[in-house]
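A quick write-up on the structure given underneath.
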Amino acid sequence: MKPTFISEIAHHLDKRTIVRGWVYNKRFSGKIGFLQIRDGTGFIQGVVVQKDIPEAMWELANKITLESSAIIEGTVTKHPRNDVYELQVSNIKLVQMAEEYPIGKKEHGPDFLLDNRHLWLRSSKQWAIQRIRNTIINATYEHLNSTGFIKIDSPILTPAACEGTTTLFELEYFDLGKAYLSQSGQLYIEAAIMSHGRVFDFGPVFRAEKSKTRRHLTEFWMMDAEAAFVEHDENLKIQENLVSFIVESVLKKNQAELKILERDIKPLEKIKAPFYRMTHAEAVAKLHKLGSDIKEDDDLGGDDETLIMQDLDKPLFVEKYPAKVKAFYMKRDPANPELALCADLLAPEGFGEIIGGSQREDDYNVLLNRIKEHNLPVKAFDWYLDLRKYGSVPHSGFGYGLERLTGWICGTPHIRETIPFPRLINRLYP
RNA sequence: UCCGACAUAGCUCAGUGGUAGAGCAGCCGGCUGUUAACCGGCUGGUCGCAGGUUCGAGUCCUGCUGUCGGAGCCA
């Protein structure tokens, strides 16, 4: 008999089949027992009745420990009351009897759970989050590929800071001195668009900042997209179409996971392009009305991001920040050179910034001066400046943080739960 | 780096200067439809570490360590 995945169990109604997985819970009531089984594709309840199976099998069902692995044979039936399938167990083949499982059925603290992250990943909510993360990744590839972007991998070991702002992880690189772990692939994919037109990268990036908030990791996955001949307004359209497609994909493919997460899907159903737009100056004015003490030239703080979204049901682009608080490579607004042609995309429901993007400076001399103004080593940026010497074109791009996007869509307040093995300022294990 | 909170059983927590507690997990028993099942019993403690106040400290004070939350920075 061929084994069946639990996700396919409906096709086997009233037939005998085999499920291979783990016992994540069990309940016994005298001469009848219930084994909760998961196999990675889903969950099903196995019903064990003493009088219907050999005594040794009944003993095994009683003795089996939580998280033991087993191959279980039975007949697929419908639950007498609920609208779910069950397995009337006829045979249990133990694969391995698990030792006492550290993660109990009651609540645990975050430190304990993170120490046991390798086991915590099996819990239903953690399972659901990773399934949704997978959908987000695939939806990103699918949508970008179908709109003319190809994936280009950017390097992880880099010779200098990409933006010159954040703290980088440093390491010795043979006889060439210091190397750094990439904090963004953006500058490299700017080179690649001059070959391919539209490209994106997707990989881990590293920030050595000592951030201690629910929105920060020292290692996280970023998707950067870059497109030639795309200016500021079109850049925003690409972003809102991508985010809409991702949310639509999750709603289509992950209803069971969203239910496990107890995620209210009504706010997600409203996520359809176009999103809201507001200049930084308008955002500051609105925040002042709402009681924030934000200054004219300030970036939005975490509280401001939540405050400004409180009456909005779709993401908001906050565009045209004061150039002096933004990165050197951003192009200035021709209508007001004090402003950058950039935008941050804020998610609703208090989940904050999920995308940062901008039109890039494409003039050689202007860019050279910006690098000098920011006290960055010009030599390290020779190659980047070259792109403005040989067929420079207007171009724009943006980057999303996969964990922040996943956190918003899953309704998970702390992004440490959205990456399989989080790397935090004080956590490198497991 | 700064601000705030917390640290008691394997886990989650209560304990308000006077004998160390509960739920879960584990072990034993009961229960034929359980849903974090339930019911009865048993086992389980260097109260983070170091010092101090007191007749007496899990409880009050000081320092240290660790954790959590937040700020800054950003995805």
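Only heavy atoms go into these numbers, but all of them, side chains included; no hydrogens, no water, no symmetry mates. All chains are named by letter (A, B, ...) in the order of the sequence lines, taking the proteins before the strands, and each is independently numbered beginning at 1.
A donor-acceptor pair under 3.5 Å is formed between the side chain of A:Arg117 and the backbone N or O of A:Glu417. Side-chain atoms of A:Thr65 never come within 3.5 Å of backbone atoms of A:Glu100 as a donor-acceptor pair (strictly under, hydrogens ignored).
Closest to the A:Arg81 side chain, of the nucleotides B:U32, B:U34, B:C68, is B:U34. Between B:U67, B:A36, B:U12, one nucleotide has an atom nearer to the side chain of A:Asn426 than all others, and that is B:U67. Relative to the side chain of A:Lys105, the nucleotides B:A75, B:A25, B:G33 differ in distance, and B:A25 lies closest. The A:Arg215 side chain lies nearest to B:C74 when the options are B:C74, B:U67, B:A75. The side chain of A:Leu217 lies closest to B:A75, out of B:A75, B:G72, B:G33. Distance from the side chain of A:Glu86 is smallest for B:U34 among the nucleotides B:U34, B:U32, B:C74. Of the candidates B:A75, B:C74, B:U32, the closest approach to any side-chain atom of A:Ile415 belongs to B:A75. Across B:U67, B:G33, B:A75, the shortest atom-to-atom separation from the side chain of A:Pro80 is found for B:G33. Looking at the side chain of A:Arg207, the nearest of the listed nucleotides B:U32, B:C73, B:C74 is B:C74.
Separating the CG atom of A:Asn62 from the C1' atom of B:C31 is a distance of 12 Å, rounded to the nearest angstrom. Across the protein-nucleic acid pair, A:Met97 atom CE and B:G26 atom P stand 12 Å apart, rounded to whole Å. The distance between atom CD of A:Gln36 and atom C1' of B:G33, rounded to the nearest whole Å, is 12 Å. Atom NZ of A:Lys63 is separated from atom P of B:C27 by 8 Å (rounded to the nearest Å). Atom CD1 of A:Ile246 is separated from atom C1' of B:A75 by 13 Å (rounded to the nearest Å). Here the P atom of nucleotide B:G33 and the CD1 atom of A:Ile44 are 20 Å apart, to the nearest Å. In this structure, A:Tyr329 places its OH atom 10 Å from P of B:C74, rounding to the nearest Å. Per the geometry, CH2 belonging to A:Trp58 stands 10 Å off P belonging to B:C31, to the nearest Å.
If you look at A:Tyr24 and A:Phe43, their ring centroids are closer than 6.0 Å. The aromatic ring centroids of A:Phe398 and A:Phe317 lie 6.0 Å or more from each other.
Nucleic acid contact for A:Gly352: none, since no nucleic acid atom lies under 4.0 Å from a heavy atom of the residue. A:Tyr101 comes within contact range of no nucleotide atom at all, as no heavy-atom separation falls under 4.0 Å. Across all strands, A:Gly104 comes closer than 4.0 Å to no nucleic acid atom at all (heavy-atom distances). At a threshold of 4.0 angstrom between heavy atoms, the contacts of A:Ile103 with the nucleic acid are absent. Among the protein residues, A:Arg416 comes within range of the sugar-phosphate backbone only, with heavy atoms under 4.0 Å from sugar or phosphate atoms but none that close to a base.
For the residue pair A:Asp201 and A:Ser154, a side-chain donor N or O sits within less than 3.5 Å of a side-chain acceptor on the partner. A side-chain N or O of A:Thr17 and one of A:Thr4 form a donor-acceptor pair less than 3.5 Å apart. Between A:Glu190 and A:Gln186, the side chains place a donor N or O and an acceptor N or O closer than 3.5 Å (distance only, hydrogens not considered).
Of the residues near RNA chain B, A:Asn82 and A:Glu305, the one whose nearest nucleotide (by heavy atom distance) lies more toward the 5' end is A:Asn82. Nucleotides of RNA chain B nearest to A:Ser29 and A:Ile425 differ in position, and the one nearer the 5' end is that of A:Ile425.
One C1' atom belongs to B:G52, the other to B:C39, and the distance between them is 49 Å to the nearest Å. Rounded to whole Å, the separation between the P atoms of B:U54 and B:C61 comes to 16 Å. Taking the C1' atom of each, B:C64 and B:C28 are spaced 45 Å apart, rounded to whole Å. Between B:U16 and B:U59, the two P atoms lie 11 Å apart (nearest whole Å). Separation of the C1' atoms belonging to B:U12 and B:A25 is 11 Å when rounded to the nearest angstrom. Between the P atoms of B:C74 and B:G17, the separation comes to 48 Å (whole Å). Between the C1' atoms of B:C11 and B:C49, the separation comes to 23 Å (whole Å). Distance check on atom C1': B:A75 versus B:U1 gives 22 Å, rounded to whole Å.
Within the 4.0 Å cut-off from OP1 or OP2 of B:U1, at least one side-chain nitrogen or oxygen of A:Lys210 is found. Side-chain N/O atoms of A:Arg214 include one lying less than 4.0 angstrom from OP1 or OP2 on B:G70. For the pair A:His216 and B:G72, the criterion of a side-chain N or O lying under 4.0 Å from OP1 or OP2 is not met.
Crowding of A:Gln255 atom CD: a count of heavy atoms from other residues, nucleotides or ligands under 6.0 Å exceeding 12. Other residues, nucleotides and ligands contribute at most 12 non-hydrogen atoms within 6.0 Å of the CD atom of A:Glu99.
Both tests pass for A:Lys314 against the ring of A:Tyr276: distance under 6.0 Å to the centre and angle within 45° of the axis.
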Can you name the atoms? Protein N/O to nucleotides 2-10 of chain B N/O, anything below 3.5 Å, with the distance.
none

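Not a single donor-acceptor contact under 3.5 angstrom links the side-chain atoms of A:His108 to the base of B:C11. Remark: the A:Ser211 side chain and the B:C73 base include a donor-acceptor N/O pair separated by less than 3.5 Å. Counting distance only, with no hydrogens placed and no angle test, the side-chain atoms of A:Gln50 and the base atoms of B:U32 include no donor-acceptor pair under 3.5 Å.
Across all their heavy atoms, A:Leu307 and A:Ser292 have their closest contact at CD2-CB, 4.0 Å.
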*asked:* Test side chain to side chain contact (heavy atoms under 4.5 Å, CB included) on A:Lys78 and A:Asp83; report intermediate values, then the result.
replied: CA-CA 7 Å; A:Lys78 279 206 156 170; A:Asp83 188 27; 4.2 Å; yes
*CA sep, side-chain torsions, deciding dist, call: A:Asp224, A:Tyr188, side-chain hydrogen bond (donor to acceptor under 3.5 Å, both in side chains)*: CA-CA 10 Å; A:Asp224 289 295; A:Tyr188 291 97; over 6 Å; no
*Under the 3.5 Å Watson-Crick or G-U criterion, the dot-bracket string of RNA chain B, with | for inter-strand pairs*: (((((((..((((....[..)))).(((((.......))))).....(((((..]....))))))))))))....
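Under the stacking criterion of a centre-to-centre distance below 5.5 angstrom and an interplanar angle below 30°, A:Phe220 sits stacked against the six-membered ring of B:A75.
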